[in-house]
Amino acid sequence: MFIIHQLPRLQFLHIPISPLTTRKPKKLYLITSTLLSNPTPVSIPISEPGPASNSVTVTTSLSHFSTSSSQSPPQENIQLSLEKLFVPPETEVSSSENGVLSARILRGSNIVLSKYAGGGAEVVNAEFVKSSVTTEDCPSDGLPEFALVGRSNVGKSSLLNSLVRRKRLALTSKKPGKTQCINHFRINDSWYLVDLPGYGYAAALHEVRIDWDKFTKDYFLNRPTLVSVFLLVDASIPAKKIDLEYASWLGQNQIPMTLIFTKCDKRKKRKNGGKRPEENVQDFQELIRDFFQTAPPWIMTSSVTNQGRDEILLHMSQLRNYWLKH
Ligand code: GDP
């Protein structure tokens with residue numbers, strides 16, 4: 001149970017499933033999230049016909065720092081079917097005799113936790129190392145790295161600062177001459193967060209954009225220490241074509257990708273029929289479904305409330321620890 005005590009917030013899912021061979025009425029189960037301060041698995045089956053078989057409703061809290069249940073904020077439900085979960089390698093979503101599936105899922109995400117989660121998840125120190133203009137220029141010490149990429153204004157700098165708990169570290173990447181570079185930040189002297197240039201900036205010169213495209217794609221394809229790309233998508237607005245294209249390119253080139261949905265605190269419905277973050281997140285999944293063989297991992301975040309911060313770090317730890325072992 002070492003991992004459990006290390007982890008900030010988990011959902012325990014106990015998902016009753018029907019044997020594949022039977023045609024029982026479809027059921028929807030409500031699974032409430034639990035905090036680690038109260039690690040008892042909770043499962044509340046609702047015996048009503050539902051829209052999808054073997055589906056679960058994962059309760060996603062949008063601002064959930066408080067570990068005191070009396071101060072729990074309002075919660076939003078996201079419905080996930082089992083095949084939409086991200087199950088890391090060497091991870092069992094175990095099924096008991098009475099047909100109950102058991103998994104530990106990161107809150108506000110579709111990510112099942114593996115035995116690799118936990119070690120070194122906390123950021124103890126972070127330092128800017130260098131800006132590179134080509135993949136070959138990047139640090140050559142062989143440490144594993146995660147690349148953050150997204151449309152300009154998606155909230156990449158804010159997220160980076162929130163991850164490392166430093167207000168202005170990401171400003172380094174915004175200094176003149178560095179916005180179009182691959183910027184490496186070393187974390188705990190053992191891994192890198194890599195800030196890549198934002199894309200889709202309307203005012204950027206056409207040539208600059210093409211150049212950037214070439215060099216970023218070269219980095220994705222030829223950087224052996226790249227563990228996963230973290231593609232940031234603004235959840236407060238409907239999916240943008242350029243984000244879908246980006247996700248599609250990563251999928252087609254089999255670059256490991258985690259989707260980070262940003263600005264999930266922006267909850268007001270817009271007058272022009274705008275959707276809530278949960279709906280935009282669901283829509284985005286649907287739109288990219290065909291680009292991936294299995295559902296990519298995703299996490300809902302907010303740099304204003306710090307939602308998702310610890311979850312991202314924990315997910316990074318499980319990817320990194322697995323990568324180091326193989
Ligand atoms: P970047 O261009 O991707 O680095 O984006 P920034 O981090 O500079 O953020 C762009 C704008 O979005 C700024 O005005 C931020 O204050 C705002 N922003 C970033 N993250 C969030 C968030 O999680 N919630 C809200 N409401 N605003 C955010």
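Just follow the structure's listing: the first ligand is 1, and inside any ligand the first atom is 1. Bear in mind that the values here come from a model prediction, so they are computed numbers and not experimental data.
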TODO: Could you tell me whether Ser157 and ligand 1 have an N or O pair separated by under 3.5 Å?
DONE: yes
Open item on the list: Which label fits Tyr246 and Tyr199: parallel for a plane angle under 30°, tilted from 30 to 60°, or perpendicular past 60°?
Closed with: parallel
Task: Qualifying residue, where the test is side chain to side chain donor-acceptor pair (under 3.5 Å) with Glu127 and the options are Arg166, His184, Arg186 - done: Arg186
TODO: Would you mind running through ligand 1 and noting each atom that sits below 4.0 Å from a heavy atom of Lys266?
DONE: 26 (N)
Task: Where Thr225 and Leu143 come nearest, the two heavy atoms and their spacing - done: CB-O, 3.4 Å
Task: Donor-acceptor pair between Asn183 and Ser131 side chains, under 3.5 angstrom - done: yes
TODO: Give yes or no for whether the N/O distance cutoff of 3.5 Å, strictly under, is met between Ser152 and ligand 1.
DONE: no
Task: N or O contact, Cys264 vs ligand 1, cut-off under 3.5 Å - done: no
Task: Contact atoms of ligand 1, heavy-atom distance to Val304 under 4.0 Å - done: 22 (C), 23 (O), 24 (N), 25 (C), 26 (N)
Open item on the list: Is it true that Ser114 and Gln318 share a donor-acceptor pair across their side chains at a distance under 3.5 Å?
Closed with: yes
TODO: Determine, using heavy atoms of Asn153 and all atoms of ligand 1, whether some pair is separated by less than 4.0 Å.
DONE: yes
TODO: Could you give me the CA-CA distance, side-chain angles and deciding distance for Lys115 and Glu90, then say whether salt bridge (Lys or Arg N to Asp or Glu O under 4.0 Å) is met?
DONE: CA-CA 8 Å; Lys115 62 181 178 185; Glu90 297 180 25; 3.4 Å; yes
- [ ] Using the six-membered ring wherever Trp is involved, compare the ring planes of Trp298 and Phe261 and label them parallel, tilted or perpendicular (cut-offs 30° and 60°).
- [x] perpendicular
Task: Protein contact to atom 18 (N) of ligand 1 [nearest heavy atom, distance to 0.1 Å] - done: Lys263 CE, 3.7 Å
TODO: Pull out every atom of ligand 1 sitting under 4.0 Å from any heavy atom of Ser158, numbered as shown with elements.
DONE: 6 (P), 7 (O), 9 (O), 19 (C), 20 (N)
- [ ] Record the part of Asp265 in heavy-atom contact with ligand 1 below 4.0 Å; permitted values are side chain, backbone, both and neither.
- [x] side chain
Open item on the list: So for Ser302, does at least one of its heavy atoms come nearer than 4.0 angstrom to any atom of ligand 1?
Closed with: yes
